[in-house]
Amino acid sequence: MLKHFLPGLFCLLLLSSCSGDKKSDTPKHVIFRYNELGVISSLDPVAASSFENIWAVNQLFNGLVQMDDSILVRPCISKRWELSADGLKYTFHLRDDVYFHDHELFPDGKGRKVLASDFAYSFERLFNKSLSKAGDLIDYFDRNPADGKKGYTVIDDSTFLVTVKRPFPAFLGILTMKFFSVVPHEVADHFKSDFSRNPVGTGPFCFKVWKEGQKLLLIKNNNYFEKESGHSIPYLDAVSVSFIHDRESAWLNFLKGNIDMISGFDAFNAKEVLTSSGELKSIYKNRFLLQSQPFLKTDYLGFLIDDYLPEVKNSPFRIKALRQAINFGIDREEMIKYLRNNIGTPAINGFVPAGLPNYDNSKVNGYGYNPEKAKQLMYLAGFPDGKGLPEMSMYTTKQYLDLAEHIRFQLAQIGIKILINVVEDGAFRDGVANSKMSFFRKSWIGDFPDPINFLALFYSKNWSPNGSNYTHFRNARYDMLYEKVLSEQNDTLRRSLYYDMERIIVEEAPVVPLYHDRVIRLVQNNITGLNVNTMNMLNLKTVKKID
């Protein structure tokens, strides 16, 4: 609704540049506005674990390297790097023209130059468990403080060395994640935990105002170091994020032109806007642009199968045949067709989505819809036609209630009775992470473009709440393959190991892969330079808006 938007005069007063006010003959400010259905909880890079946080943090901060729209690693604050012959040492050479945003805590209020010691400080924050959400990603560093090993070394002001435990070809991709952004110690030390609400970085935009749950305003960084074809960027004067949680209200504001972009299948009424094949309906084709492409995201059902937990010892989900029956009992193609207007791909070839470089998920035979096979497995599990099987709770959030209802109906056809428990988002995340939910709907979004990012969900040493293995799956052969792939340098052999790992997941069925999602955005026609990629990263530094 319009009340969510800051009054125009207030916006103009706020839009002084964070790096000096450049006078202009035209007082009009170019502001890109997008709506966030979810919640931004922190603007500190070390807490950039949710998609909502990542999008905002990406406008404010930079790291050593960055991902381009082809999901290839490119230079950022590091202009170049070398990898040692043994694959263990990465030497990064920093640019000399990167400055932090202006802030009163710097001398004369002017942002100072970024040094290698700033990366050492920023990386050290990742090991502070009270701040960091980086989880098991930091385990790649060769770190043992007792032996003086930190995993990184400052060579000089412009040279930074990172050391890993073992060669890992995807490590540079990990460093593109926002966790590894650089922050200034003067500001972070001053604000401590409140740095998350007083962020200072090096990015194309600077922090201005955040009214939690209402409005986030970022303004142009006139001292930004990157160029586009020799031209200074960003082109926008500001980025304004609204938090209209009602889908219909957000849609009406988009139609009125008050929002420049809405993102995600759940951000609008797909049946009203899209055809059954996922295209824009003719009445909207000249009004705005539909951006859509494969997304490195898998939606799935998870089973908690940790026999050491008292609540699992008597759980039917400990029986593999029952888990396999549920996999066979869901028609994923029908789900995509009727619930998602054909937006997405049925996950019938394992857990890892298509779209990763040189990865062919067709080499993994997953679960198609086969109710007869499901009934046979129910018999093997000891529950012929569902006899003796108690009603089981499936936990989800309001956003996926229609999906849960569809699954409940289909599983009833093979004798499985499901009770749907709708839980508030925060309580749901806590419940899954802390093993309070034995059957749940969840999704995993690729943090970096390598299959290991998805397969890490099943490595036993990544058990939640400290890692992403929410099912508490453990399998000795799987763990052996996982550890082997971390140091395998031959791409062909690594892919072969990945396929073997996926086949174990299919056989053991700790999850029910449902579908691999698509990036989907609706964008006003006067917006250019807004690119889309399979990571669904939001990059606004080259966006232009024509009024």
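Because the structure is a prediction, the values reported are computed rather than measured. What's counted below: heavy atoms across the whole structure, side chains too, no hydrogens, waters or symmetry copies.
- Stacking of K442 on the aromatic ring of Y300 is not recorded, the 6.0 Å distance cut-off and the 45° axial limit not both being met.
- Contact detail for L217 and A238: the closest heavy-atom pair is CD1-CB, 4.2 Å.
- Note on E334 versus K337: no salt bridge recorded, every NZ/NE/NH1/NH2 to OD/OE distance being 4.0 Å or above.
- The number of heavy atoms from other shown groups lying within 6.0 Å of CG (N286) does not exceed 12.
- More than 12 heavy atoms of other residues, nucleotides or ligands lie within 6.0 Å of CD in Q293, so this atom counts as buried by the packing criterion.
- With hydrogens and angles left out, the side-chain atoms of Q66 and E226 include a donor and acceptor closer than 3.5 Å.
- You'll find the side chain of L419 stays beyond 4.5 Å of the side chain of M392, heavy atoms only.
- Counting only N and O atoms by type, the side chains of R503 and N365 include no donor and acceptor under 3.5 Å apart.
- Enclosure of atom NZ in K398 is not indicated, since only 12 or fewer non-hydrogen atoms of other residues, nucleotides or ligands lie within 6.0 angstrom.
- Side chain of N462 to backbone of N469: no donor-acceptor contact under 3.5 angstrom is found.
- Residues I414 and A374 approach most closely at CD1-CB, 3.8 Å, considering heavy atoms.
- Remark: the S362 side chain and the N349 side chain contain no N/O donor-acceptor pair separated by less than 3.5 Å.
- Side-chain atoms of T542 come within 3.5 Å of backbone atoms of G529 as a donor-acceptor pair (strictly under, hydrogens ignored).
- Shown here is K320, whose NZ atom has more than 12 heavy atoms of other residues, nucleotides or ligands within 6.0 Å.
- Judged by distance alone, the side chain of T275 and the main-chain N or O of E279 form a donor-acceptor pair under 3.5 Å.
- Between F317 and F303, the two ring planes are tilted [angle within 30° to 60°].
- Note that NZ of K211 and CG of L216 are 12.5 Å apart. Values are rounded to the nearest 0.5 Å.
- Rounding to the nearest 0.5 Å places CD of E333 at 11.5 Å from OH of Y369.
- Aromatic ring centres of F254 and F268: separated by at least 6.0 Å.
- Remark: side-chain polar atoms of D450 are not paired, donor with acceptor, to backbone N or O of N453 under 3.5 angstrom.
- The aromatic ring centres of W55 and Y34 sit less than 6.0 Å apart.
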May I have the step-by-step check of side-chain hydrogen bond (donor to acceptor under 3.5 Å, both in side chains) for Y284 and E272, ending in yes or no? CA-CA 10 Å; Y284 295 117; E272 176 188 335; 3.0 Å; yes

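- In this structure a side-chain-to-backbone donor-acceptor pair under 3.5 Å is missing from E212 to V39.
- The heavy-atom pair separating A381 from L322 by the smallest distance is CB-N, 3.9 Å.
- Side-chain contact, N58 with N539: a donor N or O sits under 3.5 Å from an acceptor N or O.
- H516 and T298 form a side-chain donor-acceptor contact under 3.5 Å, judged by distance and modelled atom types alone.
- No side-chain donor-acceptor contact under 3.5 Å links D194 and N198.
- Nearest heavy-atom pair across F243 and I40 is CZ-CD1, 3.7 Å.
- When only modelled atom types and interatomic distance are considered, N327 and R332 share a side-chain donor-acceptor pair under 3.5 Å.
- Other residues, nucleotides and ligands place no more than 12 heavy atoms under 6.0 Å from the NZ atom of K544.
- In this structure, the separation between CZ on F454 and CG on N361 is 11.0 Å, given to the nearest 0.5 Å.
- Across every non-hydrogen atom of R340 and D517, the tightest pair is NH2-OD1, 2.5 Å.
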Determine, stepwise, if the pair F32 / D237 fulfils side chain to side chain contact (heavy atoms under 4.5 Å, CB included). CA-CA 8 Å; F32 181 87; D237 291 310; over 6 Å; no

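- Considering OG of S276 and NZ of K271, their distance stands at 9.5 Å, rounded to 0.5 Å.
- R33 and S240 share no donor-acceptor pair across their side chains, judged by distance under 3.5 Å alone.
- In this model, no donor atom of one side chain and acceptor atom of the other lie less than 3.5 Å apart for Q524 and D260.
- Side-chain contact check for N53 and S41: at least one donor-acceptor pair (N or O, by modelled atom type) lies under 3.5 Å.
- Between the side chain of S196 and the backbone N or O of S42, no donor-acceptor pair lies under 3.5 Å.
- Checking V511, L301, L457 one by one against T471, the side-chain contact (heavy atoms from CB on, under 4.5 Å) holds for a single residue, V511.
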Dump the intermediate steps for side chain to side chain contact (heavy atoms under 4.5 Å, CB included) on I305 and H472, then the final yes or no. CA-CA 6 Å; I305 54 175; H472 284 204; 5.6 Å; no

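- F351 pairs in a ring pair (Phe, Tyr, Trp, His ring centres under 6.0 Å) with only one of the listed residues (Y359, F473, F458), which is F458.
- Remark: the Y338 side chain and the D402 side chain contain no N/O donor-acceptor pair separated by less than 3.5 Å.
- A cation-pi arrangement is present between R441 and Y400 under the rule of less than 6.0 angstrom and at most 45 degrees off the ring axis.
- The closest donor-acceptor contact from the side chain of D44 to the backbone of F195 lies at 3.5 Å or more, if one exists at all.
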Going through the distances and angles, do W210 and L43 end up as a side chain to side chain contact (heavy atoms under 4.5 Å, CB included)? CA-CA 10 Å; W210 182 18; L43 296 175; 3.7 Å; yes

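- No side-chain donor from either of H101 and T202 sits under 3.5 Å from a side-chain acceptor of the other.
- With Y235 contributing its side chain and V30 its backbone, the two residues share no donor-acceptor pair below 3.5 Å.
- A distance of 11.5 Å separates CZ in F448 from CG in L296, rounded to the nearest 0.5 Å.
- Remark: the N533 side chain and the D69 side chain contain an N/O donor-acceptor pair separated by less than 3.5 Å.
- Within the structure, the side chain to side chain donor-acceptor pair (under 3.5 Å) test picks out the following pairs touching residues 413-425 (sequence neighbours left out): S393-N421.
- Side-chain atoms of E52 never come within 3.5 Å of backbone atoms of E36 as a donor-acceptor pair (strictly under, hydrogens ignored).
- Residues Q324 and E508 have side chains that never bring a donor and an acceptor to within less than 3.5 angstrom of each other.
- Side chains of S232 and K227: a donor-acceptor N/O pair is present below 3.5 angstrom, by distance only.
- Residue I259 holds its CD1 atom at 9.5 Å from CG of L252, rounded to the nearest 0.5 Å.
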Under the salt bridge (charged side-chain N to carboxylate O under 4.0 Å, His left out) criterion, do R495 and D360 qualify, and how do the steps go? CA-CA 9 Å; R495 285 196 297 273; D360 182 5; over 6 Å; no

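- Partners of D331 according to the salt bridge (charged side-chain N to carboxylate O under 4.0 Å, His left out) rule, which considers only residues two or more places apart in sequence or in another chain, do not exist here.
- Of the possible donor and acceptor atoms, none in the side chain of K178 sits under 3.5 Å from a partner among the backbone N and O of A47.
- Scanning all heavy atoms of the two residues, the minimum distance from K545 to I31 falls at NZ-O, 2.8 Å.
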